[in-house]
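Here is how names work: the chains are called A, B, and so on, in the same order as the sequence lines, proteins then strands, and each is numbered from 1.
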There are 4 protein chains.
Amino acid sequence: MSPRTEKQFEEIREERRSQIMEVALELFAQQGFSNVTIAKIAKKAEISKGLMYNYFESKEQLITEIMIMGLNEFNEIFDPNKDGELTHDELHYFIDESFRILQSRVKFWRLYFLIMFQPEVYTLIEKKIYEVLGMYLKLTMALFERKGLKDPESEVRFFGAMMDGIALNYVLDPEHFPFEIIKKRMHDLYQ
Amino acid sequence: MSPRTEKQFEEIREERRSQIMEVALELFAQQGFSNVTIAKIAKKAEISKGLMYNYFESKEQLITEIMIMGLNEFNEIFDPNKDGELTHDELHYFIDESFRILQSRVKFWRLYFLIMFQPEVYTLIEKKIYEVLGMYLKLTMALFERKGLKDPESEVRFFGAMMDGIALNYVLDPEHFPFEIIKKRMHDLYQ
Amino acid sequence: MSPRTEKQFEEIREERRSQIMEVALELFAQQGFSNVTIAKIAKKAEISKGLMYNYFESKEQLITEIMIMGLNEFNEIFDPNKDGELTHDELHYFIDESFRILQSRVKFWRLYFLIMFQPEVYTLIEKKIYEVLGMYLKLTMALFERKGLKDPESEVRFFGAMMDGIALNYVLDPEHFPFEIIKKRMHDLYQ
Amino acid sequence: MSPRTEKQFEEIREERRSQIMEVALELFAQQGFSNVTIAKIAKKAEISKGLMYNYFESKEQLITEIMIMGLNEFNEIFDPNKDGELTHDELHYFIDESFRILQSRVKFWRLYFLIMFQPEVYTLIEKKIYEVLGMYLKLTMALFERKGLKDPESEVRFFGAMMDGIALNYVLDPEHFPFEIIKKRMHDLYQ
DNA sequence: AATGAATGAGAATTCATTCAT
DNA sequence: GATGAATGAATTCTCATTCAT
């Protein structure tokens with residue numbers, strides 16, 4: 001029989017990678033990073049332990065990839081036309097979409113926040129995070145300046161702090177968090 | 001020489017416990033809970049591994065005590081007369097004191113936050129945190145109700161989220177955080 | 001196009017086998033037998049892992065073949081007419097040719113020696129080596145007896161030991177080894 | 001009860017280290033470096049696997065220590081008064097003692113040679129070996145010069161090559177090697 | 001109270017080999 | 001012939017905790 005084509009191999013690989021990441025994500029969310037062993041992931045994904053290493057160099061690399069995937073989701077909604085300028089409407093779009101993203105996969109984002117603060121993991125994506133946050137701050141400050149706010153730098157810090165705090169509180173206790181109301185509060189603050 | 005009194009022994013014991021906790025806090029924050037071995041802590045605290053277990057039943061109990069110690073500092077400034085009612089002045093006192101506490105030992109609180117979000121650790125103190133936060137929410141909501149705010153529950157969640165976000169952003173980058181301005185912002189919001 | 005003849009296939013096959021053996025030799029020598037994986041060999045030989053097993057039954061068989069190939073080169077120059085008797089001239093021919101063989105591919109022989117002394121490898125070809133060496137000893141001893149040497153058995157051992165030591169020292173540091181002088185020394189000892 | 005004194009701990013450690021090295025040596029000799037697992041060593045030494053790592057950082061470090069121990073044995077008999085000059089008598093003392101050392105623990109030296117040529121191991125002690133050999137060559141050449149030999153450099157290379165070859169042949173097949181006779185041969189060559 | 005040797009269960013990782021395609 | 005995904009047993013190494021002294 002003829003061997004599989006390169007494309008077929010590629011498809012198998014992509015398929016398996018997603019499958020592993022999905023399973024790993026769920027386990028990490030339920031049990032915490034260091035309580036999840038490769039063996040557990042492999043078992044749940046119904047593959048052998050060895051195969052894990054065909055797709056991810058290590059447990060750390062696996063979590064790193066998951067983390068970066070998450071960062072990218074926010075990148076897509078900030079300054080969505082990527083013209084390097086944040087408009088008033090884009091700010092409100094960002095607020096809306098941020099809330100939507102969080103809400104769509106609370107469990108994921110809960111894990112995401114929890115993991116992000118683990119030194120081992122944080123170190124791995126620190127650089128990427130600084131890059132992204134720096135860009136957010138810069139563009140948002142430019143907007144606040146154009147809006148004529150008195151102290152745009154402090155204002156942007158305050159905005160960032162609030163968004164962080166809200167995200168954190170929401171994902172840690174989504175049942176009781178008055179999501180819609182607080183979203184409106186945020187919109188109102190920057191009308 | 002007269003033998004040490006029981007009280008002196010007790011003091012030495014307490015001294016050692018604090019010393020161990022301090023060392024452990026720093027290591028946990030730098031390297032992550034599960035990457036810090038008992039051996040590392042013992043070495044840095046200049047005692048033997050075995051002796052560690054004379055002071056703390058287990059690694060888990062050690063981290064739990066550290067985390068609870070931190071929680072207690074905030075407990076002391078919330079409703080300081082412990083009469084089960086939060087007044088307007090007590091709210092502003094809490095805001096002030098919270099900021100003061102953070103500022104007084106930024107390094108400690110940065111470590112504290114970094115540790116708290118490690119899933120293994122968070123799990124251990126989750127219950128205690130819910131208890132404490134629940135109490136904060138309840139008393140603050142009662143105040144907001146008395147003040148006649150429209151949606152006191154949401155308002156209190158928003159307040160909590162902001163305080164968290166601010167604390168987080170401050171300790172992670174104290175140099176650039178517009179501390180005083182944002183403190184004033186918070187006071188103003190609840191005049 | 002006419003299909004390839006069986007002979008052509010055979011040639012291609014042999015070609016590939018040599019190529020794999022060459023690559024494997026270098027890797028084994030550089031990194032040690034057990035640190036070289038089939039995957040590494042396959043990658044360097046630019047074929048797939050699976051195909052390796054089409055040419056060699058196992059990793060062990062691969063190394064065994066390489067080692068035997070080397071042994072055979074010396075077999076060809078010892079008692080070249082294969083009449084089971086070593087003459088005076090044939091001894092000197094062997095000395096000359098041994099030196100020539102070593103010199104012609106110093107790099108190969110350095111690798112060869114390095115590999116041969118790896119216990120895992122040595123074990124595999126131990127038997128074969130005994131066979132070959134036994135034959136060398138026997139024929140050389142017969143010559144020394146005919147020459148009337150006093151203690152031919154010891155003499156032949158001494159001869160073998162010197163040849164080994166020289167080969168080893170030469171291939172490990174060919175730049176500084178006084179090749180010609182020592183070759184002459186050997187000839188002179190057995191005039 | 002009072003804890004063990006530092007000296008007691010030191011004794012336990014030394015005792016155990018020797019015990020492990022001895023057992024490891026024997027196993028390595030019988031089965032070859034990479035066929036001996038930590039588990040095997042631990043079992044034979046009647047300790048737990050974990051304890052191995054209390055005494056040796058890794059399997060590699062264990063073998064390295066054994067190797068260096070061996071090198072040191074030869075260092076002690078070469079230029080024994082360590083005055084930086086090799087006399088005629090010291091050369092013959094070295095020949096005698098080298099043979100005695102090899103003979104005293106053939107099994108050890110067999111292993112020693114076999115292991116020394118493993119790239120992983122060789123790398124670890126390469127530097128040390130160069131140092132030692134360089135010193136041997138230098139002092140021996142000085143002696144040959146004083147003796148008035150024509151080409152002392154080649155002569156010393158020849159001497160080294162013979163010693164190597166003899167050692168190798170002897171340890172690989174001690175039963176059949178005409179030890180005494182060849183020792184005498186060596187002495188005679190340098191009268 | 002104090003020490004650090006000792007345990008043992010379990011973790012991540014490796015790799016020769018097989019096999020469906 | 002040819003590919004590389006898949007397996008699983010084996011291996012090294014880690015570490016919280018116990019314990020004799």
Side-chain angles (χ1 to χ4, degrees), chain A residues 1-6 8-13 15-16 34-42 46-60 62, chain B residues 4 9 12-13 16 34-43 47-62, chain C residues 4 9 12-13 16 34-43 47-62, chain D residues 1-6 8-13 15-16 34-42 46-60 62:
Chain A
M1 253 171 271
S2 58
R4 288 192 188 86
T5 64
E6 204 162 312
Q8 280 173 312
F9 279 128
E10 196 51 47
E11 274 165 18
I12 292 177
R13 282 192 78 78
E15 174 77 21
R16 276 276 194 256
S34 39
N35 301 316
V36 175
T37 66
I38 293 289
K40 280 183 191 169
I41 298 172
E46 293 181 307
I47 58 169
S48 67
K49 265 185 299 176
L51 193 55
M52 279 284 318
Y53 290 87
N54 211 320
Y55 292 102
F56 298 92
E57 271 178 20
S58 67
K59 207 179 147 188
E60 277 198 358
L62 172 57
Chain B
R4 277 177 221 161
F9 275 124
I12 293 176
R13 218 185 138 73
R16 273 255 230 249
S34 31
N35 299 317
V36 175
T37 66
I38 291 288
K40 280 183 192 167
I41 299 172
K43 189 172 180 186
I47 59 170
S48 71
K49 264 186 298 177
L51 195 52
M52 284 284 314
Y53 287 84
N54 218 314
Y55 290 103
F56 298 91
E57 267 177 23
S58 67
K59 201 181 157 189
E60 289 197 350
Q61 202 221 333
L62 169 57
Chain C
R4 279 182 216 153
F9 274 124
I12 294 176
R13 217 183 139 73
R16 272 255 229 248
S34 29
N35 299 318
V36 175
T37 66
I38 291 288
K40 280 183 193 168
I41 298 171
K43 191 172 178 186
I47 60 169
S48 71
K49 262 186 299 177
L51 196 51
M52 283 284 312
Y53 287 85
N54 217 312
Y55 291 102
F56 298 92
E57 267 179 23
S58 67
K59 201 181 158 189
E60 287 196 352
Q61 202 222 333
L62 170 57
Chain D
M1 253 171 271
S2 58
R4 287 193 189 86
T5 64
E6 203 161 312
Q8 280 173 312
F9 279 126
E10 197 50 45
E11 275 165 17
I12 292 176
R13 282 193 79 79
E15 173 77 23
R16 276 278 195 255
S34 40
N35 301 316
V36 176
T37 66
I38 292 289
K40 281 183 191 168
I41 298 172
E46 293 183 306
I47 58 170
S48 66
K49 265 185 298 177
L51 193 55
M52 279 285 317
Y53 290 88
N54 210 319
Y55 292 101
F56 299 92
E57 271 178 21
S58 66
K59 205 179 148 188
E60 277 198 358
L62 172 57

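Contact annotation: Arg13(D) does not reach the phosphate of dT3(E) (side-chain N/O to OP1 or OP2, under 4.0 Å). Between Asn54(B) and dA1(E) there is a side-chain N or O to OP1 or OP2 distance below 4.0 Å.
With rounding to the nearest 0.5 angstrom, the CE atom of Met52(A) is 9.0 Å from the OG atom of Ser58(A). Distance check, rounded to the nearest 0.5 Å: CD1 of Ile47(D) to OH of Tyr55(D) gives 7.5 Å.
For Gln61(C), the CD atom is densely surrounded, since the number of other residues' heavy atoms within 6.0 Å is greater than 12. More than 12 non-hydrogen atoms from other residues, nucleotides or ligands lie less than 6.0 angstrom from CD of Glu11(D).
In this structure, of dT12(F), dA6(E), dA12(E), it is dA12(E) that holds the atom nearest to the side chain of Lys59(A). In the set dT7(E), dA5(E), dG4(F), dG4(F) carries the atom at the smallest distance from any side-chain atom of Phe9(A). Nearest nucleotide to the side chain of Tyr55(A), out of dA6(F), dA5(E), dA2(F): dA6(F). Between dT21(E), dT11(F), dA6(F), one nucleotide has an atom nearer to the side chain of Arg16(A) than all others, and that is dA6(F).
Thr37(C) comes within 4.0 angstrom of sugar-phosphate atoms only, judged by non-hydrogen atoms across all strands, and of no base. Contact annotation for Ile12(A): backbone-only contact, meaning every heavy-atom pair under 4.0 Å involves sugar-phosphate atoms and none involves a base. Within the 4.0 angstrom heavy-atom criterion, no nucleotide atom of any strand lies near Phe56(A).
Lys49(C) places its NZ atom 11 Å from the P atom of dA6(F), with the value rounded to the nearest Å. Distance Glu46(A) CD to dA5(F) C1': 17 Å, rounded to the nearest Å. Nucleotide dG4(F) holds its P atom 7 Å from the CD atom of Glu6(A), rounded to whole Å. The interatomic distance linking Met52(A) (CE) with dT13(E) (C1') rounds to 11 Å, in whole Å. In this structure, the CD1 atom of Ile38(A) is 17 Å from the P atom of dG8(F), given to the nearest Å. As a whole-Å value, the separation of Glu15(D) CD from dG4(E) C1' is 17 Å.
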(message) Applying side-chain contact (heavy atoms from CB on, under 4.5 Å) to Thr5(A) and Gln8(A), what does each step give before you reach the verdict?
(response) CA-CA 5 Å; Thr5(A) 64; Gln8(A) 280 173 312; 3.5 Å; yes
(message) For a side-chain contact (heavy atoms from CB on, under 4.5 Å) check, start with the C-alpha distance between Asn54(D) and Arg13(D), then their side-chain angles and the critical distance, and finish with the verdict.
(response) CA-CA 9 Å; Asn54(D) 210 319; Arg13(D) 282 193 79 79; 3.6 Å; yes
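Both Gly50(C) and Glu10(D) lie close to DNA chain E; mapped to their nearest nucleotides by heavy-atom distance, the more 5′-ward contact belongs to Glu10(D). Map Ser34(D) and Arg4(A) each onto its nearest nucleotide of DNA chain F; the residue landing nearer the 5' end is Arg4(A). Mapping Leu51(A) and Ile47(B) onto DNA chain E via the closest heavy atom, the residue that lands nearer the 5' end is Ile47(B). Toward the 5′ end of DNA chain F lies the nearest nucleotide of Tyr53(D), the other residue of the pair Tyr53(D) and Glu57(B) mapping further downstream.
The nucleotide dA1(E) finds no pairing partner, because no Watson-Crick or G-U wobble arrangement with both distances shorter than 3.5 Å includes it. dT3(F): Watson-Crick or G-U partner is dA20(E), with both key distances under 3.5 Å.
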